[in-house]
Structures are given as structure tokens and as C-alpha cells.
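Count residues from 1 along the sequence.
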Amino acid sequence: MSLKTYTEPAKSGILLIDKPKDFSSHDIIAICRRELKTKKIGHSGTLDPMATGLLILLIGREATKKQDQFLKLEKVYSAILKLGIETDSWDAYGNILQSRHVPPLAAEDLHRAVQKLSGRIVQPIPFFSAKRINGNRMYELARKGAEMERKYNEVDVQWLRAEFTAPDEIAFTVRCSCGTYVRSLGYLLAQELKTVGHLTSLRREKIGGFCVDNAFDGNLLKGIGADLYTHVQTEAL
């Protein structure tokens, strides 16, 4: 039977998925559409292919009506920032743009940098992002080598906790508003430390009150079929 013959899913609610690395968020959504035999799936914010962690999928008509509400929820991320090398995507999947000396840094230097990046801040939007310019995704334009003017947005960083795990590596966790690019936070943090950097790891731990610890392993999605409905939470709506 063709997917087009399916209309409303058997159950409307939310589905928590722990997205694996090297899958796009839309890959996960496409798999769930096939397994649940429905087109009615929304989301509460996507993740980059390099990133892992929590995706909230909105299953069914009643759930997708609330997509804007879920998109606005605050998020918690953990990340690893490698200092001394900047890539065009500000993560490990990009091409190297430059290398720069990493000065001797102490915990006090990191503390001052973190303080400057807490609260309401203005951050640059990565060129390799899904934001649209004149109807085109920025990452599509970036891949074509198109010149783009740097865009910025304002976000709230509720808290940012960071520590050195090596002289040129920082582990940090952040709670932030929707619209925050954690790659940009890594870029800005490196700048405050008088060097450059890029993320080598990124994981979304929480969205609002929902935690990745309670999510279904995205590696197990293929072939699960209608059994996936047992993981759809109706009470969260």
C-alpha cells in the first residue's frame, strides 16, 4: 500500500527520539513516517548531522497543531570545543579555514569568557545553517560558494558551565532559548579566549521538561513498524 493512502496516524502525541550521529533530523522524520505510515509528523527543532540527542517528534494532527509551542521550549546541550582550529561550519564536519596559536589559559580566563556569554547575547548565525535567505537555505548557498552577509540573532543563555579537559579543549553545558546555535557559542567562546575553535561533539540533553534519557534509540527505528506507537506519549499534549 502506498504511503499516500495513509492519512491520520493511529495515535496522536509526542515521540522522543535519541538521534544518532550522521543522521539528519529529516532522515529520522522520514524513517518514522515510513514506520508509522503517516505524513503527520512535526518536530520541536532539528539537530545537525554531527549532533546527537533529543528530538521531539509530533505525531498526528493534534500534536502538529502545537509545533510552535514545542519549538519555543528552552534546550540544554553538552558540547566539546577544540581550540586552535576554525572550520567553515564551526564543527568537525567543516573544512578548515585557519589555525591559530592557543595561548596559555587558566580557569579564571575561561570563567571570564563564560560570564560574557551569559544572559541576553547577540550571536552570529553559521553560514552552514538551515536559516533561509530569500527562500534559500543558508547551507545550500554556502555549499555553492555563494557570498553571504553575516546574519545575527539575539538569544538567552540561562547558564553556561565550562571546564578545560585539555589545554586546547573545553567541555561545556548550556541551557539556552530556542534559536541558539551552540556552534556559534563555541565560536564566540574561542574568540573570548583570543583564539579560534570548532565543536567536535554536540548533544542535546533536554527540551523543556523532556530528557534524552527517556528517548527511544534512533538506531532501532528501522523495521520497528507499528510497534513504535507504543512509545508515543499522548499525555504530554
Check: For atom CD of Glu235, is the number of surrounding heavy atoms from other residues, nucleotides or ligands below 6.0 Å larger than 12?
Finding: yes
Note to self: Hydrophobic clustering (ILVMFWY, side-chain heavy atoms < 4.5 Å, transitive) - are Ile41 and Ile224 grouped together?
What the structure shows: yes
Next item on the list: For residues Pro126 and Ser184, determine if any side-chain heavy atom of one lies less than 4.5 Å from a side-chain heavy atom of the other.
Entry: yes
Notebook entry, point to check: Would Arg61 and Ser12 satisfy side chain to side chain contact (heavy atoms under 4.5 Å, CB included), going step by step from the backbone distance to the final call?
Noted result: CA-CA 7 Å; Arg61 190 181 307 276; Ser12 188; 5.7 Å; no
Checklist line | Shared hydrophobic cluster, Tyr93 / Val182 (ILVMFWY, side-chain heavy atoms < 4.5 Å) | finding: yes
Check: Should Leu188 and Val102 be counted in the same cluster of Ile, Leu, Val, Met, Phe, Trp and Tyr side chains packed under 4.5 Å apart?
Finding: yes
Item checked: Worked check of side chain to side chain contact (heavy atoms under 4.5 Å, CB included) between Leu47 and Arg204 -> CA-CA 8 Å; Leu47 286 169; Arg204 186 153 65 196; 3.6 Å; yes
Item checked: Arg137 (side chain) donor-acceptor with Ala130 (main chain) under 3.5 angstrom -> yes
Note to self: Can you confirm if the NZ or CZ of Arg203 lies within 45° of the ring axis of Tyr77 and under 6.0 Å from the centre of its six-membered ring?
What the structure shows: no
Notebook entry, point to check: Among pairs that include at least one residue of residues 106-132, which meet salt bridge (Lys or Arg N to Asp or Glu O under 4.0 Å), considering only residues two or more places apart or in two chains?
Noted result: Asp109-Arg112, Lys116-Glu192, Arg120-Glu154, Arg120-Asp156
Next item on the list: Take Arg143 and Glu140, measure what salt bridge (Lys or Arg N to Asp or Glu O under 4.0 Å) needs, and give me the verdict at the end.
Entry: CA-CA 5 Å; Arg143 287 171 182 168; Glu140 294 172 343; over 6 Å; no
Next item on the list: Quick one: do Ile96 and Glu86 satisfy side chain to side chain contact (heavy atoms under 4.5 Å, CB included)? Show the steps, please.
Entry: CA-CA 6 Å; Ile96 294 176; Glu86 180 183 355; over 6 Å; no
Next item on the list: Could you please spell out the steps behind the side chain to side chain contact (heavy atoms under 4.5 Å, CB included) verdict for Ile85 and Val196?
Entry: CA-CA 6 Å; Ile85 299 174; Val196 295; 5.5 Å; no
Checklist line | Ile17 CD1 to His43 NE2 distance, which is reported to the nearest 0.5 Å | finding: 14.0 Å
Next item on the list: First locate atom CD1 of Ile170, then atom NZ of Lys82, and finally report the distance between them rounded to the nearest 0.5 Å.
Entry: 11.0 Å
Margin query: Strictly below 4.0 Å, N to O, side chains only: are Asp48 and Arg183 in salt-bridge contact?
Written below: yes
Check: For Gly223, does its backbone N or O pair with a side-chain atom of Glu35 as donor and acceptor, under 3.5 Å?
Finding: yes
Checklist line | Arg175/Glu74 ion pair, N-O < 4.0 Å | finding: yes
Margin query: Is it the case that the side chain of Asn95 and the backbone of Asp88 share a donor-acceptor pair, with hydrogens and angles ignored and the cut-off at 3.5 Å?
Written below: no
Margin query: Keeping Ser118 on the side-chain end and Val114 on the backbone end, is there a donor-acceptor pair under 3.5 Å?
Written below: yes
Margin query: Main chain of Tyr229, side chain of Lys11: is a donor-acceptor contact present, judged purely on distance under 3.5 Å?
Written below: yes
Checklist line | Transitive ILVMFWY cluster of Trp159, excluding itself - 4.5 Å side-chain cut-off | finding: Val76
Item checked: Value rounded to 0.5 Å, distance of NE2 in His198 from CG in Leu97 -> 11.0 Å
Next item on the list: Taking the side chain as every heavy atom from C-beta outward, state whether Asp168 and Leu105 have any pair of such atoms under 4.5 Å apart.
Entry: no
Checklist line | Gap between atom CG of Asp91 and atom CG of Leu81 - 0.5 Å precision | finding: 11.5 Å
Notebook entry, point to check: In Å and rounded to the nearest 0.5 Å, what is the CD1 to CG distance from Ile28 to Leu15?
Noted result: 10.0 Å
Next item on the list: Say whether, by atom type as modelled, one donor and one acceptor occur between the side chain of Arg33 and the main chain of Lys40 under 3.5 angstrom.
Entry: no
Note to self: For the CD1 atom of Ile14 and the CG atom of Leu58, what is their distance to the nearest 0.5 Å?
What the structure shows: 7.5 Å
Check: Can you find a heavy atom in the side chain of Leu71 that is under 4.5 Å from one in the side chain of Cys178?
Finding: no
Margin query: When you measure from the side chain of Ser44 to the backbone of Phe70, do you find a donor-acceptor pair of N or O atoms at a distance under 3.5 Å?
Written below: no
Check: Sub-3.5 Å donor-acceptor pair from the side chain of Lys66 to the main-chain atoms of Leu237, do we have one?
Finding: yes
Check: Distance only, no hydrogens: is a donor on one side chain within 3.5 Å (strictly under) of an acceptor on the other, for Asp227 and Thr230?
Finding: no
Next item on the list: Treating Ile, Leu, Val, Met, Phe, Trp and Tyr as nodes and any side-chain heavy-atom pair under 4.5 angstrom as an edge, say whether Ile121 and Val174 lie in one connected cluster.
Entry: yes
Notebook entry, point to check: Just one of Leu55, Leu221, Leu57, Leu16 clears the side-chain contact (heavy atoms from CB on, under 4.5 Å) bar with Phe216, so which one?
Noted result: Leu221
Notebook entry, point to check: So, does Lys75 use its side chain to make a donor-acceptor pair with the main chain of Leu73 at under 3.5 Å?
Noted result: yes
Checklist line | Minimum-distance pair of heavy atoms, taken over all atoms of Ala106 and Phe164 | finding: O-CE1, 3.5 Å
Notebook entry, point to check: Quick one: do Ile80 and Leu189 end up in the same hydrophobic cluster if we chain Ile, Leu, Val, Met, Phe, Trp and Tyr together by side-chain heavy atoms under 4.5 Å apart?
Noted result: no
Note to self: I'd like to know if the side chain of Thr180 reaches the main chain of Cys176, judged simply by a donor and an acceptor atom lying under 3.5 Å from each other, with no hydrogens or angles considered.
What the structure shows: no
